[in-house]
Q: 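Structure below; questions to follow.
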Amino acid sequence: MRLRVFLMAVLLLTPVFSLAQDDDGQTYPGMERDRGDSPRTSDPTYVPREESPDEEDAREESYSRIDDPAVGLAAEFIIGAMFLESTRGALVDARLGIGARLTWEIGRLFSDDAIRQGLFLELIYLTTAFREGTELIFADTRFQYLIAAPAWAFPFGEGSAYAVYLQAGGGVAIGNSTLFADNGPNGIFSLQPVILYGLGFRGRPLLVGDGLLRLFFRVEVTRFRRGYADDTFLGGSIGLGF
Amino acid sequence: MHPSWKWLIPAACLASCTPNPPAPVSIMVMDKTTQGLVPTAVDFQTINDTYALKGLAATFVGGARIVVDPNDPLYDAAQTDDQLRRLALKSEGADVRLNLKSGGETLIPVDFHSWNMASAYYNYERAFLHFQALAVIPDDEIRETRVFYFPTYTNTSLSSQPLKDNALFDPTTQSFMLLPYEKFQRVPFAMSAGVIAHEFFHRIWHKRIYGASGRPLLIESWIGQGALNVLKSYDEGLADFHAFAASCSLPTGCDYSFSFLEETLGASFAQARRIDQNSRCMDPTLYQELTTGGLNFLSLERHFQLGTVIATALYHAGSRRGGAWGSLEQGALRALSDSTPNRRGIFELANANIATPAYFTLFRVANSIVQHVDLTDPPAAQLLCEEFATRFGMGPTTIAEQMPQCSAASGNRSVCTQQVVP
């Protein structure tokens, strides 16, 4: 009975290491180790051989694509406060601004990790509208900004999904205004060049474990030079990318 | 400056400076036509900076905060008018900047406030050119008036809250105020040529009668006196008369019905102030309020009522000559100040009677105006005699004593039947 218990204990044992060999590198009698090309650490005159071209190429090969297999496209909905430069000398006129952006992480075309993680390009659409005037004489005005802007992200650590970014670009501001007067509506269309510059905090954390679907969001301060006026947007965006 | 830095100036200007076409500048404004208030292409003749609206007629300022508070201890401590102005101007504001697009050779405002301000400048320019053409008031008294657009303006003698729904000339800052609208949702005051012309006259009156002072001695001396009520009544009456006369240059012609008041304030306001009505007469009650009512006369806004009688007299004097109001306007402007001994202007008459306000009467001021109309147009002066005597309800004794320029028989009882003074 006692032997039976002993055998059961032995069979049930799941040692974390083999009890048959001590892992301190010692060679016991009867056990010869094959060192292969491993250097003899006790040889002070050892000089490592030069890498072969194949070995050098293999070392420089980037595995980022494996680490982050996303395509680098995203779409986000934008919302925030648009502070239009006031025509009437009051600093700004605050309006609601909404829009959308398409992001292409164009840096993925490059092998350099800094460019890969930093460079992205966006197409931005932002609009704001308002009515001003009295009940009898008033104007409905809408500004629509269409902008292409590259940006550079500064991630918080290697491969981080979060980054601070700087952005600058250009486009057009389409102005549509309808002035309601005694002769009815009078439409006014304007087209102005726009320069964009701004900064923000951007996040693109994984939603799905395989790295293909990410949540894109940001908080930003962006300025628009619209003709001779300066508008400021404080807001953010949220969307999905893959 | 280092030569290599000179390129920064045009580069910075390119980034921030608006173009500045020389006058005349073709621009769209809201103007009154036979179709009503509609976008119309006009020429700014006096503009220096179109986008910032600065020119000979007016210079616009936006976003300012002004507080006129006679209860402020610093108000009494202020020694000069300039100190009063700086005390009142809590925030100086900033240049306006119109949002304009180029429509060929004509600039077109894009948003409402750009339309509103452009229209206002055009109305100030029209008023400036109207008074300039009369050739009585020198240019330096009417040029480059500062216009505060949509300021936060508080006058504690009127209200503790910022004023809205009005356009006015503020004596303390010597500036026009185009106040924000809240309750009055009709035609904005800035787009009303009649309102702007009316207010423009107040600047002239204030310069000529009060010496452009923010704390006029006449007002301080005559508070509660009938003489002050006389001054305020003529101020409003002459402003309405000049606004009417200026309207005759508009595309729609003379504004007989005072539609500029109906468009901005409503039909009842226009009906109460229109000056073409033959029924405008002073009655004994109004006269008693004028002479003995003290400040109640002003708080009940009777100075507008009496002002309408004054303006009606001037209107009908010109109407009876086929619509010739130019000489009447010139005479009324000359009468504002004249140091000629036997033909004293209103300013001289008032300042000679600071201590004897009872001598400064409705009738003696009327006499001064008649005298100055008579300088260039005696027939018009004679008609004005009849209109003043009739509408003030003057009897021969008062005419002889206080309006000696006129015949004692000037009164016409068929128009205004009540005799108010002997």
Side-chain angles (χ1 to χ4, degrees), chain A residues 82-95 127-145 168 170 172-197 223-231, chain B residues 15-19 28 30-40 51-53 60-64 92-103 108-119 148-152 165 178 180-191 263-264:
Chain A
M82 182 64 118
F83 297 97
L84 298 172
E85 180 173 313
S86 174
T87 56
R88 53 189 174 91
L91 191 59
V92 292
D93 291 323
R95 313 287 179 192
T127 183
T128 184
F130 50 93
R131 169 175 288 192
E132 289 175 317
T134 65
E135 290 176 3
L136 193 64
I137 308 289
F138 59 92
D140 287 330
T141 305
R142 176 178 290 278
F143 291 120
Q144 301 178 84
Y145 304 77
V172 293
I174 301 168
N176 290 98
S177 186
T178 304
L179 176 70
F180 291 85
D182 286 344
N183 63 341
N186 299 267
I188 302 118
F189 174 84
S190 66
L191 197 65
Q192 294 172 303
V194 174
I195 296 172
L196 172 154
Y197 55 98
R223 295 208 85 196
F224 302 87
R225 179 71 178 176
R226 172 176 51 88
Y228 303 104
D230 290 301
D231 305 329
Chain B
S16 65
C17 300
T18 50
M28 298 286 283
M30 291 289 280
D31 197 17
K32 190 172 178 182
T33 69
T34 52
Q35 292 179 299
L37 196 65
V38 299
T40 309
Y51 285 78
L53 283 182
F60 276 59
V61 178
E92 291 191 8
D95 284 351
V96 302
R97 183 177 280 185
L98 268 59
N99 189 354
L100 301 171
K101 66 160 281 189
S102 176
I108 304 173
V110 173
D111 59 276
F112 171 79
H113 284 296
S114 296
W115 279 103
N116 209 28
M117 288 188 285
S119 305
F148 285 106
Y149 184 78
F150 275 46
T152 303
D165 296 313
L178 290 175
Y181 42 80
E182 186 178 59
K183 295 177 184 172
F184 290 126
Q185 291 290 327
R186 298 173 177 268
V187 171
F189 289 116
M191 295 182 183
E263 292 157 357
T264 51

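Within every chain, numbering begins at 1; the chains are lettered A, B, ... in the order of the sequence lines, protein sequences first and strands thereafter. All figures in this text were calculated on a predicted structure; none of them were measured in a lab.
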Q: Nearest 0.5 Å, what's the CG-CD distance between B/N99 and A/Q192?
A: 5.5 Å
Q: Sorted by first residue and then second, give each salt bridge (Lys or Arg N to Asp or Glu O under 4.0 Å) pair with at least one member in residues 136-145 of chain A; sequence neighbours left out.
A: A/R131-A/D140
Q: Need one label for B/L37: side chain, backbone, both or neither, based on atoms under 4.5 Å from any heavy atom in chain A.
A: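 Both backbone and side chain.
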Q: How close do B/F112 and A/F138 get, counting heavy atoms only, and between which atoms?
A: CD1-CA, 4.1 Å
Q: Quick check on the interface: out of B/M191, B/M28, B/M117, B/Q35, who has the most heavy-atom pairs with chain A under 4.5 Å?
A: B/M117
Q: Decide side chain to side chain contact (heavy atoms under 4.5 Å, CB included) for B/M30 and A/L179; before the verdict, give the C-alpha distance in whole Å, the side-chain angles of both, and the deciding distance to 0.1 Å.
A: CA-CA 10 Å; B/M30 291 289 280; A/L179 176 70; 3.5 Å; yes
Q: For the candidates A/E85, A/E135, A/R226, which exhibits the highest count of non-hydrogen atom pairs separated by less than 4.5 Å from chain B?
A: A/E135
Q: Contact part of B/D95 toward chain A, heavy-atom cut-off under 4.5 Å: side chain, backbone, both or neither?
A: backbone
Q: Is there a donor-acceptor pair under 3.5 Å between the side chain of A/S177 and the backbone N or O of B/V110?
A: yes
Q: Would a distance-only check, ignoring hydrogens and angles, find a side-chain to backbone donor-acceptor pair under 3.5 Å from B/K101 to A/L191?
A: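 Side chain of B/K101 to backbone of A/L191: no pair is present.
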Q: Just how far is it from atom CG of A/L136 to atom OH of B/Y181, taken to the nearest 0.5 Å?
A: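 If we round to the nearest 0.5 Å, A/L136:CG and B/Y181:OH are 12.0 Å apart.
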Q: Can you sort out the partners of A/N183 under side-chain contact (heavy atoms from CB on, under 4.5 Å), two or more places apart, ordered by chain and number?
A: A/A181, A/N186, B/V38, B/P39
Q: Please flag which part of A/I137 lies under 4.5 Å from any non-hydrogen atom of chain B: side chain, backbone, both or neither.
A: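 Both backbone and side chain.
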Q: Would you give the length of the straight line joining atom OG1 of A/T87 to atom CG of B/L100, rounded to the nearest 0.5 angstrom?
A: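 One gets 9.5 Å once the value is rounded to the nearest 0.5 Å.
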Q: Is it the case that over 12 heavy atoms from other parts of the model lie below 6.0 angstrom from the CD1 atom of A/I174?
A: yes
Q: For B/Q185 and A/G133, work out which heavy atoms get closest and say how close.
A: OE1-O, 4.2 Å
Q: Out of curiosity, A/T134 OG1 to B/F189 CZ, how far, rounded to the nearest 0.5 Å?
A: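 One finds 10.5 Å between OG1 of A/T134 and CZ of B/F189.
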Q: Can you tell me which portion of B/P109 sits under 4.5 Å from chain A's heavy atoms? Options are side chain, backbone, both or neither.
A: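 Answer is backbone: N, CA, C or O of B/P109 sit under 4.5 Å from chain A.
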